[in-house]
Amino acid sequence: AIAAALLALLALGLPAPARAGAVSRTAAHSARVSCWPRGSSTIARSSTARLFSTEDGLDYACLYSVGRAFYLSGAEHYDYRLVHFSGPYVAYVQNIEASDDNIGEMDLRTGHLRTFVIATAIENSVCYGVGSLALKADGAIAWIGTNFLGFACISPPGPEIEVRRHDRRGLRILGSGSKIVPGSLHLLKGVLSWTDGAAKRRSTLY
C-alpha cells in the first residue's frame, strides 16, 4: 500500500515524503550559526576567531567581528592536525583518513572555502601528508607536502617532498626533493624559509 501511494505521488509530479530522520544537507549548512552555539566544542581558537564542532558533529569557523559561523565539514574527518588564523582567514590541515591529509583555507568574512592539492601525484602513491603550514593575513598560504608517507603506503616510489605556495601570483612549487624537512617551513614578515638538506631556502610570500 505504501509503495502504491508513493507511485501515485510520483505520477502526479508531487515529491515523495522524506525518510524519517533525514536532514537536508543544504538546510543544515545554510542555517545561521553563532560563534558560540550551545554545546559546541572548540577545536582551535585565536583572539579573533574560532574553529569548533557542534553537538551534531558539524564543524564551523567564525570570525568574532562578523558574528556568524560558516560550515567547514561534517563528521567524516578524524582530526585537525594544523590550524592557523591570520587576519580574517583560517587555514587548516584536516586528517580525513588514516594516512591522508586535506588542506583548506576559508575567508571568515564570506565563508568562501578553498582547498589545495598537497603534492604532485606519483605512480601508485596512496598517501599524502602536510608537514608544515604558513598563512598570511591577506590569505596567501604555503605548505610542505609529501606524496608518500608511512609504512602502510606502497613503496617504491616515494617520497617526493614539495614546498608549495599560493598567493596573488597563483600556485607555484618552490622546491622539491627527498631531503626537504617536512616540518621546517616558517613565515616571518612575509618571507618563507625551510630546510633542504644542509641548505636553508627562502622565498617571499606575496
Side-chain angles (χ1 to χ4, degrees), residues 42-52 59-66 69-73 77 79-96 99-122 125 127-149 158-206:
T42 299
I43 298 169
R45 60 179 294 190
S46 71
S47 60
T48 60
R50 179 184 186 228
L51 193 158
F52 61 90
D59 298 335
Y60 293 83
C62 184
L63 191 67
Y64 302 147
S65 60
V66 172
F70 294 99
Y71 173 82
L72 285 177
S73 69
H77 69 84
D79 192 19
Y80 290 85
R81 296 195 305 98
L82 297 170
V83 179
H84 292 304
F85 298 97
S86 188
Y89 294 90
V90 61
Y92 57 85
V93 177
Q94 184 187 64
N95 186 249
I96 54 175
S99 301
D100 214 359
D101 284 343
N102 177 52
I103 296 177
E105 180 189 19
M106 178 176 280
D107 184 338
L108 297 177
R109 296 166 298 185
T110 63
H112 179 260
L113 178 64
R114 184 194 299 269
T115 58
F116 300 93
V117 175
I118 289 173
T120 302
I122 56 177
S125 177
C127 299
Y128 294 85
V130 179
S132 46
L133 182 70
L135 176 67
K136 278 183 64 181
D138 62 1
I141 186 173
W143 65 93
I144 298 180
T146 305
N147 56 11
F148 169 85
L149 286 174
E160 184 68 19
I161 306 169
E162 296 179 348
V163 182
R164 290 187 166 212
R165 64 105 169 109
H166 187 278
D167 58 16
R168 63 186 184 218
R169 298 166 295 178
L171 178 68
R172 183 180 176 188
I173 300 174
L174 301 175
S176 64
S178 60
K179 294 183 179 180
I180 294 173
V181 179
S184 65
L185 186 67
H186 295 283
L187 176 65
L188 180 62
K189 296 181 179 179
V191 177
L192 293 167
S193 63
W194 66 94
T195 303
D196 185 353
K200 196 76 168 181
R201 310 292 187 192
R202 290 179 174 83
S203 180
T204 302
L205 189 60
Y206 290 98

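Bear in mind that the values here come from a model prediction, so they are computed numbers and not experimental data.
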Return each pair, listed once, that meets salt bridge (Lys or Arg N to Asp or Glu O under 4.0 Å) where at least one residue sits in [range]; pairs must be two or more places apart or across chains.
range            : result
residues 132-143 : Lys136-Asp138
residues 187-196 : Asp196-Arg201
residues 168-180 : Asp167-Arg169

Full working for side chain to side chain contact (heavy atoms under 4.5 Å, CB included) between Glu160 and Ser176: CA-CA 7 Å; Glu160 184 68 19; Ser176 64; 3.5 Å; yes
[Y] and [X], any side-chain heavy atoms less than 4.5 Å apart:
X      : Y      : value
Val93  : Tyr80  : no
Ile43  : Asp59  : yes
Leu174 : Leu192 : yes
Ile144 : Val130 : no
Glu105 : Leu135 : yes
Tyr128 : Val117 : no
Leu205 : Leu187 : yes
Leu133 : Ile141 : yes

Taking all atoms of both residues into account, what is the closest heavy-atom pair of [X] and [Y], and its distance?
X      : Y      : value
Arg164 : Ala119 : NH2-C, 3.5 Å
Ser86  : Ala137 : OG-N, 3.0 Å
Ala49  : Leu108 : CB-CD1, 3.8 Å
Gly111 : Met106 : O-CE, 3.6 Å
Val90  : Ala61  : CG1-CB, 4.2 Å
Ile180 : Ile161 : O-CD1, 3.2 Å

Which ring-ring contact (aromatic ring centres under 6.0 Å, His included) pairs, counting each pair once, include a residue from residues 173-206, with sequence neighbours left out?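 Listed by first then second residue: nothing to list.
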Which pairs count as ring-ring contact (aromatic ring centres under 6.0 Å, His included) when at least one residue sits in residues 159-181, sequence neighbours excluded? Phe116-His166
Please confirm whether the backbone N or O of His112 pairs with a side-chain atom of Thr110, one donor and one acceptor, at under 3.5 Å?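 The answer is yes, because a donor-acceptor pair under 3.5 Å joins these two groups.
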For Val163, is there any backbone N or O sitting under 3.5 Å from a side-chain donor or acceptor partner on Trp143?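 Checked: no pair found.
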Drop me the distance from [X]'s [atom1] to [Y]'s [atom2], to the nearest 0.5 angstrom.
X      : Y      : atom1 : atom2 : result
Phe85  : Arg50  : CZ    : CZ    : 9.5 Å
Ile103 : Arg114 : CD1   : CZ    : 12.5 Å
Thr195 : Lys200 : OG1   : NZ    : 3.5 Å
Phe70  : Cys62  : CZ    : SG    : 8.0 Å
Tyr64  : Thr48  : OH    : OG1   : 7.5 Å

Residue pair [X] / [Y], side-chain donor-acceptor N/O under 3.5 Å:
X      : Y      : result
Glu162 : Thr120 : yes
Arg109 : Tyr89  : yes
Ser73  : Gln94  : yes

Arg165/Ser203 under side chain to side chain donor-acceptor pair (under 3.5 Å): CA gap, chis, key distance, verdict: CA-CA 10 Å; Arg165 64 105 169 109; Ser203 180; 5.5 Å; no
Is there a side chain to side chain contact (heavy atoms under 4.5 Å, CB included) between Leu51 and Thr42 once you walk through the steps? CA-CA 6 Å; Leu51 193 158; Thr42 299; over 6 Å; no
Qualifying residues under salt bridge (charged side-chain N to carboxylate O under 4.0 Å, His left out), relative to Arg81, sequence neighbours excluded: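 Asp101.
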